[in-house]
*Asks:* 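Please see the structure below; I have some questions.
Values reported hereafter were calculated over all heavy atoms of this structure, with side chains retained and with hydrogens, waters and symmetry mates removed. Every value quoted in this text rests on a predicted model; they were computed, and no experiment measured them. Each chain gets a letter, A, B and so on, in the order its sequence line appears, and its residues count up from 1.
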Number of protein chains: 2
Amino acid sequence: MLELAVLGLLHESPLHGYELRQRLKATLGTFRAFSYGSLYPTLRRMRDAGWIAEDEGDAEVVAGAPALTGRRGKVVYKLTAEGKEKLAELLAEAGPSAWEDETFGVHFTLFAQTDPEVRVRILEGRRSRLEERREGVRATLARTRARLDSYTLQLQEHGLESVDREVRWLTELIETERKNTPARSTGTTSKKAARP
Amino acid sequence: MLELAVLGLLHESPLHGYELRQRLKATLGTFRAFSYGSLYPTLRRMRDAGWIAEDEGDAEVVAGAPALTGRRGKVVYKLTAEGKEKLAELLAEAGPSAWEDETFGVHFTLFAQTDPEVRVRILEGRRSRLEERREGVRATLARTRARLDSYTLQLQEHGLESVDREVRWLTELIETERKNTPARSTGTTSKKAARP
DNA sequence: AACGCGATGTATCGCTGCGATACATCGCAG
DNA sequence: CTGCGATGTATCGCAGCGATACATCGCGTT
């Protein structure tokens, strides 16, 4: 899902690997880093897929002595038309893949570029996912509570509270979101709206 | 670090893969699952390394028709002497590897089997690690705040608060821990104590 | 003037773990 | 007697991480 993040970032301006990684750190914050070990291979894959292209141009600015081995200028990437299409497609994605732990954060940072309806759907999906998990854990916990030592119990408690906290956060966001949208009809509008 | 978790679980009683996984879910709770995709290969690796051994015995209880293809009874594993050694070694580990995101939870669930001094050291290490991360994010955030849209900002804020929360939790735990131990001298005892 | 160090920059390698999937058996409810 | 959900073992491809290597640039110190 690094792909989505990269696409989103490049949509604003062309960037090279290093910069991309800085931005990734800046936008994702506490959530993840996306090391170079994933970035560069992904960039290559995306280039091969035709979603992004190398935007040579200011390479000579840096290239003081480019004749060493096989040149070493910075490689600036920018979105292609296909890339933009792909981005739009991924941004419209409001299915389970969007509310998974690893993916949700990325989607969230791109909410400014996301359709309001999709935003709400992702937020709600994420919340259900979390609630499911919480109930699952609670159930297992109820069954096994007796067997567990106090440390493990404390960990469970803490984990459960964390989930609770995120659920509450999401709920607030959803309400704000609803308030800010023209409120198209009440409750579950549904009736689909361009599902791929 | 599934290895540590498995070692810790098997230290209490012999178990087979499926059961191991149930226990893993029960003890780790919200933190992770450890799918079969990691469990079984790990089990094999550990067996090959000599840390665990297959404890055949009640295989015939289940084996109604064992002659099918190449038998299919449950495989019960138990700790070997080497396994116990390895467990003790890993349990004494209080270095950076113990306070990483993925590892910390596992260490924590095994705290009942861990030396009190090591417990405190892990807790403190984890806290510093978190504080470092928080400051790092805060710094980047201060530098880039202006460029970020409100959604991204909210994500940052939420993430930061989560980290804060865990730091507070750890602080409480550390205090409790100190209170419960005979308090060997005051503050940073240090002077080392069997570092591998 | 020389030195080195930290930021910038691209890239690879091995490893851990995940999710999906396959397959087989058992006990039980309809 | 039929099928379904729990029990049980196992593999495959993939994403991402952390460590590492290497090269250049701008900077302040000595």
*Asks:* What integer distance in Å separates A/Met1:CE from C/dG19:P?
*Replies:*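 Taking atom P of C/dG19 as the reference, CE of A/Met1 is at 12 Å.
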
*Asks:* Quick check: closest heavy atoms across B/Leu123 and B/Glu177, and the distance to 0.1 Å?
*Replies:*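 It is CD2-OE1, 4.4 Å.
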
*Asks:* Return the value, rounded to whole Å, for the distance between atom CG of B/Leu28 and atom C1' of C/dC18.
*Replies:*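 My rounded result for the distance is 15 Å.
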
*Asks:* For C/dG30, give the paired nucleotide (Watson-Crick: N1-N3 plus N6-O4 or O6-N4; G-U: N1-O2 and O6-N3; both under 3.5 Å), or none.
*Replies:*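 In the structure as shown, C/dG30 has D/dC1 as its Watson-Crick or wobble partner.
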
*Asks:* Can you tell me the distance, in whole Å, between the CZ atom of B/Arg21 and the P atom of D/dA6?
*Replies:* 14 Å

*Asks:* Across the strands shown, which category fits A/Gly37 at heavy-atom distances under 4.0 angstrom: base, sugar-phosphate, nothing?
*Replies:* base

*Asks:* Within this structure, what is the CG-to-P distance between B/Leu39 and D/dA10, rounded to whole angstrom?
*Replies:*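 My rounded result for the distance is 11 Å.
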
*Asks:* Expressed as a whole number of angstroms, how long is the span from B/Glu3:CD to C/dC15:P?
*Replies:* 12 Å

*Asks:* Scan B/Arg44 against the nucleic acid and name what it touches under 4.0 Å (heavy atoms): base, sugar-phosphate only, or nothing.
*Replies:* sugar-phosphate

*Asks:* Among C/dC18, C/dA11, C/dG9, find the nucleotide with the atom closest to the side chain of B/Ser38.
*Replies:*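 The answer is C/dC18.
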
*Asks:* Rounded to whole Å, please give me the gap between CG in A/Leu20 and C1' in C/dT8.
*Replies:*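 From A/Leu20 CG to C/dT8 C1': 15 Å.
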
*Asks:* Rounded to the Å, how far apart are B/Tyr18 OH and C/dT25 P?
*Replies:*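 Taking atom P of C/dT25 as the reference, OH of B/Tyr18 is at 17 Å.
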
*Asks:* Pick base, sugar-phosphate or nothing for A/Leu2, based on heavy-atom distances below 4.0 Å to the nucleic acid.
*Replies:* sugar-phosphate

*Asks:* Starting the side chain at C-beta, find the nucleotide from C/dT8, D/dG8, C/dG17 nearest to B/His16.
*Replies:* D/dG8

*Asks:* Let's see if you can work this out: which of C/dG17, D/dG16, C/dT8 has an atom nearest to the side-chain heavy atoms of A/Gln22?
*Replies:*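 For A/Gln22, the side-chain atoms sit closest to C/dT8.
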
*Asks:* Quick check for you: among C/dT10, D/dG8, C/dC18, whose closest atom lies nearest to any side-chain atom of B/Ser35?
*Replies:*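 Shortest atom-to-atom distance from the side chain points to C/dC18.
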
*Asks:* How about CE on B/Met1, more than 12 heavy atoms from neighbouring residues, nucleotides or ligands closer than 6.0 Å, or not?
*Replies:* no

*Asks:* Of B/Tyr36 and B/Glu100, whose closest DNA chain D nucleotide lies nearer the 5' terminus?
*Replies:* B/Tyr36

*Asks:* Return yes if a side-chain donor-acceptor contact under 3.5 Å exists between A/Thr171 and A/Arg168, otherwise no.
*Replies:*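 Their side chains do not contain a donor-acceptor pair, so the 3.5 Å distance test is not met.
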
*Asks:* Which nucleotide sits closest to the side chain of A/Phe34: C/dG17, D/dG16, D/dT9?
*Replies:*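 Among the listed nucleotides, the one closest to the side chain of A/Phe34 is D/dG16.
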
*Asks:* Taking all non-hydrogen atoms of both residues, which atom of A/Thr80 and which atom of A/Ile52 are closest, and how far apart?
*Replies:*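 Scanning both residues completely, I find the closest heavy atoms to be CG2-C, 3.7 Å.
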
*Asks:* Atom CZ of A/Arg45 and atom P of C/dA11: how far apart are they, to the nearest Å?
*Replies:* 15 Å

*Asks:* Check every atom of C/dT10, D/dA10, D/dA15 against the side chain of B/Tyr40 and return the nucleotide holding the closest atom.
*Replies:*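 Of the options given, the side chain of B/Tyr40 lies nearest D/dA10.
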
*Asks:* Nearest to the side chain of A/Pro41 - D/dG16, C/dT12, C/dG17?
*Replies:* C/dT12

*Asks:* Can you find a side-chain donor-acceptor pair between A/His158 and A/Glu161 that sits under 3.5 Å?
*Replies:* no

